[in-house]
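The shown structure was predicted, so the numbers you read here are calculated from the model rather than taken from an experiment. Here is the naming used below: chain letters follow the sequence lines, and residue numbers restart at 1 for every chain.
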There are 2 protein chains.
Amino acid sequence: MVKVLVTGASGFIGNQVVNNLLSQKHQVIATSRDENKVRLKTWYNKVKYIPFDISNFDSNLNLYEYFNRPDVLIHLAWDGLPNFLDIVHIEKNLFTHYQFLKNYIQNGGKHITAIGTCLEYGKNEGCLSEDKVPEPDCAYAIAKDSLRRFIEELQKNQFFVFHWIRLFYMYGEGQYSKAILSQLETAVQKGDSVFNMSGGEQLRDYLSIEKVAQNIVAIALQKKIVGIINCSSGQPISVRRLVEDYISKNNYSIKLNFGFYPYPNYEPLAFWGNNQKLNNIINE
Amino acid sequence: MVKVLVTGASGFIGNQVVNNLLSQKHQVIATSRDENKVRLKTWYNKVKYIPFDISNFDSNLNLYEYFNRPDVLIHLAWDGLPNFLDIVHIEKNLFTHYQFLKNYIQNGGKHITAIGTCLEYGKNEGCLSEDKVPEPDCAYAIAKDSLRRFIEELQKNQFFVFHWIRLFYMYGEGQYSKAILSQLETAVQKGDSVFNMSGGEQLRDYLSIEKVAQNIVAIALQKKIVGIINCSSGQPISVRRLVEDYISKNNYSIKLNFGFYPYPNYEPLAFWGNNQKLNNIINE
């Protein structure tokens, strides 16, 4: 049994990560800003919950002690999503998260798993491997890639295990309302006959939130394979097919209006993640 | 006549940049932390000098007004050099310089030239062009590359001319005492018979400080060619030859003890800067 601290536990991913850890009988210390958001979670009484606001904490605090000396930290918390273009990621989040992780590490934390994004690859198309040099070009991805670089600098003077998981696309219950399948579901529930979307020909790399949580936990609980690790299926799917499959699976009859929205300008048209490193961990 | 604000004016580069601007009859506003360091400069009475501490300023200040609405900013100031590995570059300098530049830009500054480093190219060998994706791997280079990314994010919402000059190696009067030719000169003055150095086979790209200052001013005072610009000779020279040439030119008789020091671990063995962009500016 491993003692795992999960930040951002109330979130879309955090919720499933906690569930996954509990199903494997691990001891979970869960944290998030607002305890009221988690009281109704099925896991609330099965974890040690410690409310904490990363965006505003006393730098004299010893975070490693404060969270009861966890064996492993899975650091999911991050503010301001899904607005990827907001400069707040650079001006505020980057430094608060750097200070949070640095404090935790310098006080004794030896095993850290933190979350990056496929947007760190920037405008690169195709199958993206972890050794590709990052070219982030939106504020969120720049902040995340900078955070990774800064933490790697700390590794030069201090020993700790560090995983940096680049998440690709996800779907599943509880996702934020702007995600495409959330919007589709809302449109269906409202009784809309037509769903406006982009051209839909973008190739993306999607995993269900349950699978993402399972991968994050698998990565976090080992230390043989470290550094940057893509959390991806390795199997690109067009957004069009993703949506069509979802409609078909649910027997919906809503019509798709392709090309209504332009493609977002901060993403390439076709990219997916090489998942060999991930597979090596899972098949270990 | 252009009104140019020069930060870091008391430094090795700043001193020559101010001289160069004055020789071209431009109006110079010079700033640095400590006025006492510049009172004896030949240019002290020919500029408007405004002392200012970038590491500790009131964020309510309007920096563009404070410095009398310059046409062009040449931003040379940076603390903590030449200790390239110090995390202070990331933890402190990066954010103070970001806040300084952002304040200046948001209050009206429309033309900014800031200083980067060839170390942003990281361990890449050979002839390095500006379009090479940066792979900084020491704290100083990570901070500088991050600063450039952050300022480029601001360009998405605000118009301003932005030059990011990557400096390569330099030599000349007033250089910090650890630079190789400074150390050699000190050894000669002390009457040492032997000068201990590395293997000396590193290929580097050197310019005299006068030439560097001339290039910085030439880049800063135009807006046709913007973005990242190498300030380099394009002509690699071995450190051994650099030192031997210097000894020969000065008729010194000190002996060179090659291989006494290891090569630094944060630099590749052979790299130099493609200077086509710079040449296009100079030959305009």
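Residues B/Phe95 and A/Ile90 share a closest heavy-atom pair of CZ-O, 3.1 Å.
For B/Phe67, the ring pair (Phe, Tyr, Trp, His ring centres under 6.0 Å) partners at least two apart in sequence or on another chain are B/Phe52.
For A/Ile142, the parts lying near chain B are the backbone and the side chain together; criterion is any non-hydrogen pair under 4.5 Å.
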Chain A to chain B donor-acceptor contacts, backbone plus side chain, under 3.5 Å:
residue: A/Glu91; atom: OE1; partner: B/Lys102; partner atom: NZ; Å: 3.0
residue: A/Glu91; atom: OE2; partner: B/Tyr98; partner atom: OH; Å: 2.5
residue: A/Glu91; atom: OE2; partner: B/Lys102; partner atom: NZ; Å: 2.6
residue: A/Tyr98; atom: OH; partner: B/Glu91; partner atom: OE2; Å: 2.5
residue: A/Lys102; atom: NZ; partner: B/Glu91; partner atom: OE1; Å: 3.0
residue: A/Lys102; atom: NZ; partner: B/Glu91; partner atom: OE2; Å: 2.6
residue: A/Asp137; atom: O; partner: B/Lys156; partner atom: NZ; Å: 2.3
residue: A/Ala139; atom: N; partner: B/Glu153; partner atom: OE1; Å: 3.3
residue: A/Asp145; atom: OD2; partner: B/Arg149; partner atom: NH1; Å: 3.0
residue: A/Asp145; atom: OD2; partner: B/Arg149; partner atom: NH2; Å: 2.8
residue: A/Arg149; atom: NH1; partner: B/Asp145; partner atom: OD2; Å: 3.0
residue: A/Arg149; atom: NH2; partner: B/Asp145; partner atom: OD2; Å: 2.8
residue: A/Glu153; atom: OE1; partner: B/Ala139; partner atom: N; Å: 3.3
residue: A/Lys156; atom: NZ; partner: B/Asp137; partner atom: O; Å: 2.3

